[in-house]
Amino acid sequence: MNLYEYQAKKLMEKYNLPVLKGFVCATINDIEHCIVSNSIGYGPWVVKCQVRAGGRGKSGGVCLVHSTKNILSFANKWLGNRLITYQTTDTGELVTSILIEPAVKIIQEFYLSISIDRDESQIICMASTQGGMNIEITEQKTPNFIHKIVINPSVGIYPYQGRILACKLGLSGAKINQFSRIIVSITRMLLEHDLTLIEINPLAITDDDYFYCLDAKMIVDRNAIFRQSELLNICAINKPIDMLNFINYIPLEGNIGCMVNGAGLAMATMDVIKSLGGIPANFLDIGGGANKECIISAFNMILKNAKVQAILVNIFGGIVCCDLVAECIITALARYTTKHIPIVARLEGNNSTLGSNRLINSKLNIIVTDNLIYAIQQSVTAVNLKNVNFS
Ligand code: ADP
Ligand code: MG
């Protein structure tokens, strides 16, 4: 589960990490209140759209402003609209809040991240002097500018490791220890809060000669959410966890859209598609306990993919019921009238007969079967022979 920047920064405050005091506002009223009460100070400010994706600066979602009037016009422009960055989908992400922070004078921007290296079963900490908005270019063109240290998760980090990394970055004097303290804190934060990634880009040295974490990306291991109630409180995530976070969708190069429940079944389904001569358009695991909203959204993701020429639904109803899946497919298709795509549904497990009957009775162009191989053969045939008769 991705946190918003303002949530990540709240957690960072708890660890005494150097973040600026910001104000997060969800409405124009909130902003006017901040301005009138003068809680945001005198500016200049940096105003930042809160979306769970980076690349905002390059897309106009982060802006330096010198007047409260410009804060309001930025908010009027973005609140309720969608921000598209190179890290979002083509439709972008809805901006529901804006973070207002004091603008600082940046002398140098560093990149710092800590994440889990699953191949090595270690924690890996990466840092570079080439931080800021072009880190991807640095990674591709000058990987030697990226320095790494490996941290054993069962031992944790030693301050000397932070100092080694600081020296590799060419830091000197008091900054070596300041940097090392940051590394020690973010490692503790990662371990104590079941995070899989913390990325601070930029970690900036400002004109007062201190480090500040100006941006923060954090991913929480969603399987550990149940034991992270403190994290949910700190981040003020008081609404129920958005089930949409549990959809795993990865677009691929093929033309058979797949909706499957369970990552293992999804991978096996893709293998069989390949072995029968087809190419999957996506990996999609709707998760074990998917609800209605989740299934409809998942199906819509497939429908929206222009490359998809046939859809294969492969559901093994364990927790989820097949009749719910059928109902969701019917609902999604009723809203989608632009093109007719052949659909093959294999429903097995909980309420499979009920689900199959719903699809058959819907009179939609759907082949319903309980046989996986047959289902996949039909979807491969559908894309190979575009004029195949599905009626
Ligand atoms: P993104 O990574 O999504 O583009 P950032 O939060 O990193 O968004 O902001 C983009 C750039 O804006 C940063 O690289 C930094 O140069 C600048 N910036 C961000 N916050 C501040 C701030 N409080 N003061 C001055 N500059 C800032
Ligand atoms: Mg950034």
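When a ligand or atom number is given, it counts from 1 through the structure's own listing order. This one's a predicted model, so the numbers in the text were calculated from it and none came from an experiment.
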Looking only at protein heavy atoms, identify the closest one to atom 10 (C) of ligand 1 and say how far it is in Å.
-> M133 SD, 3.8 Å
Decide whether S113 and S115 meet the rule of one side-chain donor and one side-chain acceptor closer than 3.5 Å.
-> no
Sort and list the pairs that fulfil salt bridge (Lys or Arg N to Asp or Glu O under 4.0 Å) and have at least one residue in residues 208-217, not counting sequence neighbours.
-> R56-D215, K175-D209
Identify whether the distance between the nearest side-chain nitrogen and carboxylate oxygen of D370 and R346 falls below 4.0 Å.
-> no
So for P102 against ligand 1, with non-hydrogen atoms under 4.0 Å, the contacting part is backbone
Has ligand 1 got any nitrogen or oxygen that is less than 3.5 angstrom from a nitrogen or oxygen of V46?
-> no
May I ask you to identify, for R56, whether its side chain, its backbone, both or neither come under 4.0 Å of ligand 1 on a heavy-atom basis?
-> both
Where does I106 meet ligand 1, judged by heavy-atom distances below 4.0 Å: at the side chain, the backbone, both, or neither?
-> side chain
Side chain to side chain donor-acceptor pair (under 3.5 Å) pairs, two or more places apart, involving residues 264-284 | T269-N314
Salt-bridge present (E327, R358; N to O < 4.0 Å) | yes
So which bit of K105 gets within less than 4.0 Å of ligand 1, heavy atoms only: side chain, backbone, both or neither?
-> neither
Return the orientation label for the Y212 and Y210 ring planes: parallel under 30°, perpendicular over 60°, tilted otherwise.
-> perpendicular
Any nitrogen or oxygen of P202, main chain or side chain, under 3.5 Å from a nitrogen or oxygen of ligand 1?
-> no
Specify the protein heavy atom at minimum distance from atom 15 (C) of ligand 1: its residue, its atom name, and the distance to 0.1 Å.
-> E109 OE2, 3.1 Å
V104-ligand 1 polar pair, N/O distance under 3.5 Å = yes
So is E5 polar-close to ligand 1, meaning N/O to N/O under 3.5 Å?
-> no
Quick one: which residue pairs count as a salt bridge (Lys or Arg N to Asp or Glu O under 4.0 Å) with a foot in residues 29-50, not counting sequence neighbours?
-> E5-K48
Using a heavy-atom cut-off of under 4.0 Å, does the side chain or the backbone of T85 touch ligand 1, or both, or neither?
-> neither
S59 near ligand 1 by a heavy-atom separation under 4.0 Å = no
Give a yes or no on this: more than 12 heavy atoms of other residues, nucleotides or ligands lie within 6.0 Å of atom CD of E192.
-> yes
Sum up the protein N, O or S atoms located under 2.8 Å from the Mg ion (ligand 2).
-> 2
Look at the rings of Y15 and H193 and say which category their plane angle falls in: under 30° parallel, 30 to 60° tilted, over 60° perpendicular.
-> perpendicular
